[in-house]
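These figures come from a predicted structure and were not determined experimentally. A note on names: the letters A, B, ... follow the listed sequences, proteins ahead of strands, and every chain is numbered from 1.
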There are 2 protein chains.
Amino acid sequence: MRIGELAKQVDMSTDALRYYEQQGLLSAPLRNASGYRQYGRKHMAQLRFIRRAKDVGFSLEEIAELLKINFEKEQHSCQEVKDLTLKKRELVAERIAELQRFHASLSQLAEQCCGSSAPAQHCSILTALEDIDGLTQ
Amino acid sequence: MRIGELAKQVDMSTDALRYYEQQGLLSAPLRNASGYRQYGRKHMAQLRFIRRAKDVGFSLEEIAELLKINFEKEQHSCQEVKDLTLKKRELVAERIAELQRFHASLSQLAEQCCGSSAPAQHCSILTALEDIDGLTQ
DNA sequence: ATAAACCTTAGAGTTAACACTAAGGTCAAG
DNA sequence: CTTGACCTTAGTGTTAACTCTAAGGTTTAT
Ligand SMILES: [Zn+2]
Ligand SMILES: [Zn+2]
Ligand SMILES: [Zn+2]
Ligand SMILES: [Zn+2]
C-alpha cells in the first residue's frame, strides 16, 4: 500500500503521515525500487492507535510515549500508563476550570448589557473593562 | 514614565508593551529627546483594559476591536459589544464541551486500568487504544 | 569617568501539528 | 508517448502572544 492509499484508508493527509514518521510516531516503512513508501497492516494499526489517542485528547508527544510503552509492554507497568492518563486528565481539568471562569465572566458581562442598537456610550461591558470594580471578584 | 516603570506598574514585560503598540492595542506614546517612550495615565488605563479583557478570555485581536469601539463609542452600539461577548462565550463553550469529552474518556480509561506496577501486557488502556471497540461510543 | 541599569531597533526563536510549495521522478491509461 | 495522478525531498508558512538576541545609545550613581 502506498502513502496515498493508506492516508485515504485512515482519513489523514499524506503530509500528516510523513510528519508522524518524522516525529517517530509511525514506523518508517520499507521502500520499493523507486523509493516509494510501502505500508502494511502494522502501520494502519499504528495510525488507528494515534487516532484514538488523539480523540481522547493526548498530544502527539504524549502519544509517542504511549506508543513506545505499547511497543515494549514488558518493560513498562500499568502504573506508568495510568499515571500518564491521570496526569493528562488533570491538565484537561485545569484548562476546563479556566475556560469556565471565562464563561462565567462573559455571561455576567453579557447579562448586564442592554444589547440595543443605541450608541455604546453607556455600555456596561465597556465600563466593566475600563473600571477596576467592573467585574465581581 | 518610561517603559520599564510602566511595565512594572501593570506587571507586564516591556516586550509585551512594545508588542501591544505594534499590534495597535496600545497608543504610540510621545518620545523624549533620546527617543525613549514617555507614557502617561492614558496608557496605563489602556493596559488595564487589555488586562481585564484578557482575564475574561478575549484574544488580543478581539481586544483590539473592543478598544476601537471603546475609543469611538458614539459610532458603535451596545449590540455590537454584546454580540462580541456572546460570540466569544459560544467559542469558549464549544471548547469546554470538547475538553469535557476528553475528560470523560480519560476517566473511563483510567478507571479500567489496575495501575499496578506489574508489566503492562494486559493494560486495558493500551488495549482500548489498540482495539476498535476499546472505548464506548 | 565608568559601571550598572535602562532604553532603542530589527529580526529570529518558541509551541503544535501540520499545510503548502517547488522541483522533480514514476506509473497507468489511452 | 504523453497526460494526469501519484510519489519524493527540502524547505517555508500558519497561528498566538510573546520572548530572546544582537548591537548599540542613554541615564544615574559613585
Ligand atoms: Zn446598552
Ligand atoms: Zn452594552
Ligand atoms: Zn493492569
Ligand atoms: Zn493498565
Atom-pair distance (CD1 on A:Ile3; P on C:dG25), nearest Å: 20 Å

Show me the donor-acceptor pairs within less than 3.5 Å that the side chains of residues 16-25 of chain B make with the rest of the protein, sequence neighbours left out.
unit_1, atom_1, unit_2, atom_2, d
B:Arg18, NH1, B:Asp15, OD1, 3.4
B:Glu21, OE1, B:Arg37, NE, 2.9

Compare the minimum distances between each of C:dA17, C:dC7, D:dA17 and the side chain of B:Lys54, then state the nucleotide with the smallest one. D:dA17

Nearest-Å distance for atom pair CG/P, residues A:Leu30 and D:dT8: 13 Å

Does B:Glu5 pair with B:Lys8 as a salt bridge, N-O distance under 4.0 Å? no

Take atom CD of A:Glu5 and atom P of C:dA28, then tell me their distance rounded to the nearest Å. 14 Å

Which ones in residues 32-43 of chain B lie close to DNA chain C, meaning a heavy atom under 4.0 Å from one of its atoms? B:Gly35, B:Tyr36, B:Arg37

Whether B:Glu62 side chain and B:Lys88 backbone form a donor-acceptor pair below 3.5 Å: no

My understanding is that only residues two or more places apart in sequence, or in another chain, count here; which of them pass side-chain contact (heavy atoms from CB on, under 4.5 Å) with A:Phe49? A:Leu66, A:Leu67, A:Asn70, B:Leu126, B:Leu129, B:Glu130

With the threshold set at under 4.0 Å for non-hydrogen atoms, list the residues of residues 15-23 of chain A touching DNA chain D in residue-number order. A:Arg18

Just the rounded figure in Å: distance from P of D:dT8 to CG of A:Leu6. 11 Å

Rounded to whole angstrom units, what separation is found between the CZ atom of B:Arg51 and the C1' atom of D:dA17? 14 Å

Which whole-number value in Å describes the distance from A:Asp55 CG to C:dA17 P? 14 Å

Taken in chain and number order and not counting sequence neighbours, the residues that satisfy side-chain contact (heavy atoms from CB on, under 4.5 Å) with B:Glu61 are B:Ser59

Under the rule for ring-ring contact (aromatic ring centres under 6.0 Å, His included), what residues qualify as partners of A:Phe102, not counting sequence neighbours? none

For A:Ser13 and C:dA19, is the shortest distance between a side-chain N/O and OP1 or OP2 below 4.0 Å? yes

Is the phosphate of C:dA5 approached by B:Lys8 (side-chain N or O, under 4.0 Å from OP1 or OP2)? no

All side-chain contact (heavy atoms from CB on, under 4.5 Å) counterparts of A:Gln100, not counting sequence neighbours: A:Ile96, B:Ile96, B:Gln100

When A:Gly4 and B:Leu60 are each assigned the nearest nucleotide of DNA chain D, the 5'-most assignment goes to A:Gly4

Taken in chain and number order and not counting sequence neighbours, the residues that satisfy ring-ring contact (aromatic ring centres under 6.0 Å, His included) with A:Phe58 are none

Go through the structure and list residues passing side-chain contact (heavy atoms from CB on, under 4.5 Å) with B:Gln79, not counting sequence neighbours. A:Ser117, B:Ser77, B:Asp83

Take the protein atom CZ of B:Arg2 and the nucleotide atom C1' of D:dT27, then report the distance between them rounded to whole Å. 6 Å

Please report, rounded to the nearest Å, how far the P atom of D:dA17 is from the CD1 atom of B:Ile63. 8 Å

